[in-house]
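Atom set for the values below is all heavy atoms of this structure, side chains included, hydrogens, waters and symmetry mates excluded. Below, read A as the first sequence line, B as the second, and so on, with proteins coming before strands; counting in each chain starts at 1.
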Protein chains: 2
Amino acid sequence: MARPPLSKERVLRAAVALADDIGIEALSMRKLAQELGVVPMALYKHVTNKDELLDGMVDVIMAQIDPPAVGTDWKSAVRQRILSARQALLRHRWASQVIESRAAPTPAVMDYLDSMIGLFRTGGLSVDLTHHVMHAMGSRILGFSQELFDDSGPANPEEQAAAMSAMAQRYPYITEMAIAASHTDESVVGSGCDDQFEFEFALDILLDGIARLHRAAMAG
Amino acid sequence: MARPPLSKERVLRAAVALADDIGIEALSMRKLAQELGVVPMALYKHVTNKDELLDGMVDVIMAQIDPPAVGTDWKSAVRQRILSARQALLRHRWASQVIESRAAPTPAVMDYLDSMIGLFRTGGLSVDLTHHVMHAMGSRILGFSQELFDDSGPANPEEQAAAMSAMAQRYPYITEMAIAASHTDESVVGSGCDDQFEFEFALDILLDGIARLHRAAMAG
DNA sequence: TTGACAGGTGTACGGCGTACACCTAACGTG
DNA sequence: CACGTTAGGTGTACGCCGTACACCTGTCAA
């Protein structure tokens, strides 16, 4: 059962899989080495240090983002691309955190941003408006989506009810919203909130606002 | 020169200051103890572990956010509050990262979110719309603002020019935007981009879109 | 006086990233 | 074929980290 030789490729892919499994904060060079059936220092022949490993992992995720669609209006193209990025980041929950904690964006991230800007520019938006828009999109550009509630309720019913009423006392508005969301949602399980819908809702507010500004600029 | 006795308060404040100084990733229990003139284990009489320390640090920052204004329309109240949160997070750049990396939001964060939801609800927005809006605001609720370019150019002019043209080759749109921004800006130094303006621009796109949806809901 | 307790100390353990010296097998070149 | 180079895996070791645990000491209520 000879182990195939390591390579930067193999190391990065294993690191991504391991981070998916045990979480990014538990990922260590030593565990990764063990996973690959190798001594820790062997990894350093393929990545210069852990930071470069993290950068490489980000690049693996960025490569999963679909290229921009051609032959459509800028708005749909942007929309598609951002939703594709969102999918990639949702597959690897640690990714946004790593991207944002990195000192400098990796070239792959820069490529993504550049092509995103390109979609606005070739769509006819001015440089200035595009600039504002990139800021407006903020982390949404990278498909970020946070989950506020873990909704992990392994407690018994009484405890849960008690927790619920304590919650309602302390955070009335959060509770009201959570209840409304869970009633609205047809499914019984889950957070009672369609994340995909929420994400697109927010995205569309931004895109609509941007389109409005663009039209106003053209008319003026 | 007797050292005043420790307290959770003092520990947390020192931790915040130290994180501001040396960065959150370099903050360790040992360095914090040293800063306080105490042995590392002494800290554990005041915080149960490092995670609780981080939570406490977040609470210190949350306490710096102004309470919501009273007697104004919901939109200005939300605007003010978010801008105040932004100021707090800008004073401590590590804060967003810590907040987002924490498994569960601290009570102080929950309080903030609850009161933010309250602003929308008492302003007359429906529970459903408010729910969508909170998602739409996303990380902007917490005043998040990222800086893409460090703009740290300690290299000599030739190198800088070379780097610039390499950059323009590889990331044409980013470069175009960066140049436009630096020409627009009246000041010579800095990133050539008024972060505060960009933040408010984005915030207003969202708030305007939300107000439009709200008016439509009332009219319908 | 005493006993509890709050708060600071010292030692120790296991895990981390990684520097450095080493080994070994494959290979291009004479 | 012999041989130096080199790519890639190994072993040891260092200094840092969080923190468990036993201990000490000063204060104060009973």
Quick one: what's the B/S/- string for nucleotides 17-23 of chain C, heavy-atom cutoff under 4.0 Å, read 5' to 3'? BBBB---
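Shown here are the side-chain hydrogen bond (donor to acceptor under 3.5 Å, both in side chains) partners of B:K45, two or more places apart in sequence or in another chain: there are none. Evaluation of the side-chain hydrogen bond (donor to acceptor under 3.5 Å, both in side chains) rule for B:D111 yields A:R170 as partners, not counting sequence neighbours. Taking A:R121 as the reference, B:E176 meet the side-chain hydrogen bond (donor to acceptor under 3.5 Å, both in side chains) condition, with sequence neighbours excluded. For B:F201, the ring pair (Phe, Tyr, Trp, His ring centres under 6.0 Å) partners two or more places apart in sequence, or in a different chain, are A:H132. Under the rule for a side chain to side chain contact (heavy atoms under 4.5 Å, CB included), the partners of B:S7 that lie at least two apart in sequence or sit in another chain are B:E9, B:R10.
With rounding to whole Å, B:L43 atom CG is found 13 Å from C:dG7 atom P. At whole-Å resolution of the value, CG in B:L6 and P in C:dT9 are 9 Å apart. Across the protein-nucleic acid pair, B:L32 atom CG and D:dC17 atom P stand 12 Å apart, rounded to whole Å. A:Q34 places its CD atom 16 Å from the P atom of C:dG14, with the value rounded to the nearest Å.
Classification of B:D66 and B:R81 as a salt-bridged pair fails, no side-chain N sitting under 4.0 Å from a carboxylate O.
The ring-ring contact (aromatic ring centres under 6.0 Å, His included) contacts involving residues 81-100 of chain A comprise A:H92-A:W94, where partners must be two or more places apart or lie in separate chains.
In this model, the phosphate group of D:dG9 is approached by a side-chain N or O of A:H46 to a distance below 4.0 Å at OP1 or OP2.
Comparing the end axes of the helix from C:dT1-D:dA30 to C:dG30-D:dC1, each fitted to five base pairs by superposing C1' atoms of four pairs onto the next four, gives an inter-axis angle of 10° (nearest 10 degrees).
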Pairs of donor and acceptor atoms involving the side chains of residues 21-38 of chain A, under 3.5 Å and at least two apart or interchain, shall be tabulated with distances.
unit_1	atom_1	unit_2	atom_2	d
A:S28	OG	A:K31	N	3.1
A:K31	NZ	A:A26	O	2.9

